[in-house]
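Below, read A as the first sequence line, B as the second, and so on, with proteins coming before strands; counting in each chain starts at 1.
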Amino acid sequence: MRDYGADSVSVTEVAVATNGDVVKARQMVRTLAQSSGLSLVHQTKLVTAASELGRNMLVHGGGGTVRASAVVEGPRKGVWVEFADHGPGIEDIGLALTDGWTSGNGMGLGLSGAQRLVDEFDLDTGSSGTTVRIVKWGR
Amino acid sequence: MTDRVPVLKIGDVLLVSIQTDLEDQMVLDLQEDLSNRIVATGARGVIIDISALEIVDSFVGRMLATNASISRVLGAETIVVGMRPAVAMTLVELGLSLDGVRTALNLERGLGLLRRLQASRSDRA
Ligand SMILES: Nc1ncnc2c1ncn2[C@@H]1O[C@H](COP(=O)(O)OP(=O)(O)OP(=O)(O)O)[C@@H](O)[C@H]1O
Ligand SMILES: [Mg+2]
């Protein structure tokens, strides 16, 4: 994935430490999706993915930071979102991305479902934390 | 303290109209409130109106599915009404099937469905 975070001039961010912060992050992403002209369905998919990844960051990663930016590539407009935590990381990425697999008592759909809902998905994880970056493009 | 979603009682139906972007604790509280109210009121039906919800993620989806099961055990049917088309499309792609959750297009149809379900239930009784 292109380094959209470094390329972008206006990145907004929300620190996530509570459930309420996940709502704030979701709203930040929705606002960007609207101003970037994403269709209603694309907005809904992006915000839903952001909700899943924001919750994972809080529940499994102990909280972190959500950064987001509008991105442009040629004629395309889209939204880039990054979820970064300093939690324990994901031990087995393949397993974590399997539908229905959860290390806790979730449904195990958040990570795999979020990946399906967006156009670009980057997962970077290790013992010092997890960073997920996603992009949803408009039509 | 987080806000709670109001649960209204109209006849023998409990009506929940979700008007705000819910944080997870509100979702859990709602599930508990609904179970308690079904028992306290003897309600036979529950309608959850989600027409104002811009997204339904796995957390809210799970609450809807769990609530449908719990209310059934407690003798009430739950109907989820007003799901936006974009939300339905997203839910399917997310992989959430909402098994066991009855849905209707809008409040009016939801109430109609409840009435029919109750009629067929009292026929059998
Ligand atoms: N940021 C993270 N840090 C550490 N582990 C994570 C992180 N995100 C996901 N995981 C791991 O990946 C697993 C799968 O995540 P996924 O979101 O699919 O399911 P879940 O969160 O367990 O359940 P739910 O369906 O409720 O989201 C989690 O159970 C967890 O073990
Ligand atoms: Mg999850």
Following the transitive rule for hydrophobic clusters with a side-chain heavy-atom cut-off under 4.5 Å over Ile, Leu, Val, Met, Phe, Trp and Tyr, establish whether [X] and [Y] coincide in one cluster.
| X | Y | value |
| --- | --- | --- |
| M28(A) | V71(A) | no |
| L123(A) | V29(A) | yes |
| L38(A) | V87(B) | no |
| V16(B) | L53(B) | yes |
| V5(B) | V39(B) | yes |

Exercise for the section: Kindly write out the residues that satisfy side-chain contact (heavy atoms from CB on, under 4.5 Å) with T65(A), not counting sequence neighbours, or none if the list is empty. Expected result: E13(A), R67(A)
Exercise for the section: Please state whether the side chain, the backbone, both or neither of A114(A) comes within less than 4.5 Å of a heavy atom of chain B. Expected result: backbone
Handout entry: Which atoms of V22(A) approach chain B - backbone, side chain, both or neither, heavy atom under 4.5 Å
Key = neither
Less than 3.5 Å apart and able to act as donor and acceptor by atom type: which atom pairs between chain A and chain B qualify?
unit_1: R26(A); atom_1: NE; unit_2: D21(B); atom_2: OD1; d: 3.3
unit_1: R26(A); atom_1: NH2; unit_2: D21(B); atom_2: OD1; d: 2.3
unit_1: R26(A); atom_1: NH2; unit_2: L22(B); atom_2: O; d: 2.9
unit_1: R30(A); atom_1: NE; unit_2: E54(B); atom_2: OE1; d: 2.6
unit_1: R30(A); atom_1: NH1; unit_2: E54(B); atom_2: OE1; d: 3.0
unit_1: R30(A); atom_1: NH2; unit_2: E54(B); atom_2: OE1; d: 3.1
unit_1: K45(A); atom_1: NZ; unit_2: E93(B); atom_2: OE1; d: 2.7
unit_1: S51(A); atom_1: OG; unit_2: D57(B); atom_2: OD2; d: 2.5
unit_1: E52(A); atom_1: OE1; unit_2: S58(B); atom_2: OG; d: 2.8
unit_1: E52(A); atom_1: OE2; unit_2: S58(B); atom_2: N; d: 2.5
unit_1: E52(A); atom_1: OE2; unit_2: S58(B); atom_2: OG; d: 2.9
unit_1: R55(A); atom_1: NE; unit_2: D24(B); atom_2: OD2; d: 2.6
unit_1: R55(A); atom_1: NH1; unit_2: D57(B); atom_2: OD2; d: 3.4
unit_1: R55(A); atom_1: NH2; unit_2: D24(B); atom_2: OD1; d: 3.0
unit_1: R55(A); atom_1: NH2; unit_2: D57(B); atom_2: OD2; d: 2.8
unit_1: N105(A); atom_1: O; unit_2: R62(B); atom_2: NH1; d: 2.7
unit_1: R116(A); atom_1: NE; unit_2: E93(B); atom_2: O; d: 2.7
unit_1: R116(A); atom_1: NH2; unit_2: L94(B); atom_2: O; d: 2.9

Handout entry: Engaged part of L96(B) at the chain A interface, taking heavy atoms whose separation is under 4.5 Å
Key = both
Handout entry: Over 12 foreign heavy atoms within 6.0 Å of CE, M89(B)
Key = no
